[in-house]
Amino acid sequence: MMVVSYIGKYRSIYGTLAWGNNTMAIPDLTNYLIFARVVATGSISAGARELNMPKSTVSRRLTELEEEQGVRLLHRSTRGLKLTEIGQAFLVHCETLVAAAEAAQQVTQMVQETPRGEIHVSSPYAISQSMLVTLLPEFLALYPEVRINLMVTNRPVNLIDEGVDVALRVRPFIEDSSLIARPLADSPSTLFRSPNRGDVARIDKPLRHPLDLVHYPHLSLHYTSGRYRYDLTAQSGEKLTVSFRPRLITDDMIVLREAAIEGLGIVSLPNYLGEQAVQDRLLVPILPDWSLPVGIMHMVYPYRRGLLPAVRVFIDFLAERLPATAQRSLNTT
């Protein structure tokens, strides 16, 4: 029965609650529940078996209860148990406690079984605007009792301090921390330019080698270090770093993509974000023999056990759907 589980989890407590100069003893509710179960089964032995407790422990607990109350609640004999008059009145309230304990346990079990409630999610602009924009409506349709509070930011959030349940990130490596990090997909980036528009099109310089980039304007995400550069690796293994001064800096990759389409500068974008623009011939990849560092798209959450059902199904949903969504664009360029 549920009450058996409840008793097994309940920690006996003795102490006092204080209000001003008055104190009230805190009763050991476990003894109340044992008393009700023993009476319901008809004997100490039967009650001990149902509660999965030693008979001696049950007997000692009943004695403690009577001493605590200062009255005899049961007459014990070889023929069984018989409630005293005060014991009968006391039993009514103990049975109410049992019913309340079972009802409370049903509430927590229902919460644990049905995804509901609010999920706090953090995601970068690019992932939110290119992937979550279609995935979140699908998820919410599957789980109508779930609400999502989406924080869109490129800064690394502190999940514990800011109350975030799940964060999506793209980094060259997964941070070594106490968080649970679940890789979803590789996220390669490419250098793009407009083929025939704006300032880029008016520059009559070849783009065959990374050093040729110094002749062009550039667009970039904001970096707190203030160091703007491309770390490039050739197919031969040669590595080269090219520094630049951005013409436009923003935390919004969609703005960067649109500015690049208008020919305002060269930009590094995740392949999944440049896919449609390449297909529409609004952007073209450059320096195909050189590659940028490959980021890892992953989600992080504070702990693995004890997740609320809504958070658990959201993690499973993203683990299944985000890699497939990202993969469709990885081979575009």
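At distances below 3.5 Å, at least one donor-acceptor pair connects side-chain atoms of T84 with backbone N or O atoms of R72. A donor-acceptor contact shorter than 3.5 Å is absent between the side chain of D280 and the backbone of L282. Checking side-chain atoms of H222 against main-chain N and O of N154 turns up no donor-acceptor pair under 3.5 Å.
In E85, the CD atom is not crowded: 12 or fewer heavy atoms of neighbouring residues, nucleotides or ligands sit closer than 6.0 Å. Heavy atoms from other residues, nucleotides or ligands lying under 6.0 Å from CZ of R60 number more than 12.
Of all the heavy atoms in V267 and A260, the pair that sits closest is CG1-CB, 3.5 Å. In terms of heavy atoms, Y125 sits closest to V152 at CD2-CG1, 3.4 Å.
Side chains of M131 and S123 form no contact here, defined as non-hydrogen atoms less than 4.5 Å apart. Using a 4.5 Å cut-off on side-chain heavy atoms (C-beta onward), W290 and L240 make contact. Side-chain contact check for L207 versus L213: some heavy-atom pair is nearer than 4.5 Å. Within the 4.5 Å cutoff, the side chain of I261 has no heavy atoms near those of the S194 side chain.
Within the model, atoms CE of M299 and CG of L184 stand 5.0 Å from one another, a figure rounded to the nearest 0.5 Å.
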Could you go through residues 39-49 and list every donor-acceptor pair under 3.5 Å that involves a side-chain atom there, pairing it with any protein atom two or more places apart or in another chain?
| from | atom 1 | to | atom 2 | distance (Å) |
| --- | --- | --- | --- | --- |
| T41 | OG1 | R37 | O | 3.1 |
| T41 | OG1 | V38 | O | 3.1 |
| T41 | OG1 | S43 | O | 3.3 |
| T41 | OG1 | G47 | N | 3.1 |
| S43 | OG | A46 | N | 3.0 |
| S45 | OG | K55 | NZ | 3.3 |

Result block: side-chain N/O donor-acceptor pairs under 3.5 angstrom for residues 139-148, not counting sequence neighbours:
| from | atom 1 | to | atom 2 | distance (Å) |
| --- | --- | --- | --- | --- |
| E145 | OE1 | R116 | NE | 3.2 |
| E145 | OE1 | R116 | NH2 | 3.2 |

Donor-acceptor list for residues 157-168 side chains, cut-off 3.5 Å, not counting sequence neighbours:
| from | atom 1 | to | atom 2 | distance (Å) |
| --- | --- | --- | --- | --- |
| N158 | OD1 | I160 | N | 3.2 |
| N158 | OD1 | D161 | N | 2.9 |
| N158 | ND2 | D161 | OD2 | 3.2 |
| E162 | OE1 | R155 | NH2 | 2.8 |
| E162 | OE2 | R155 | NH1 | 3.1 |
| E162 | OE2 | N158 | N | 3.1 |
| D165 | OD2 | H120 | N | 2.8 |

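The aromatic rings of Y223 and Y228 sit perpendicular, their planes meeting at an angle over 60°, well past the 30° parallel limit.
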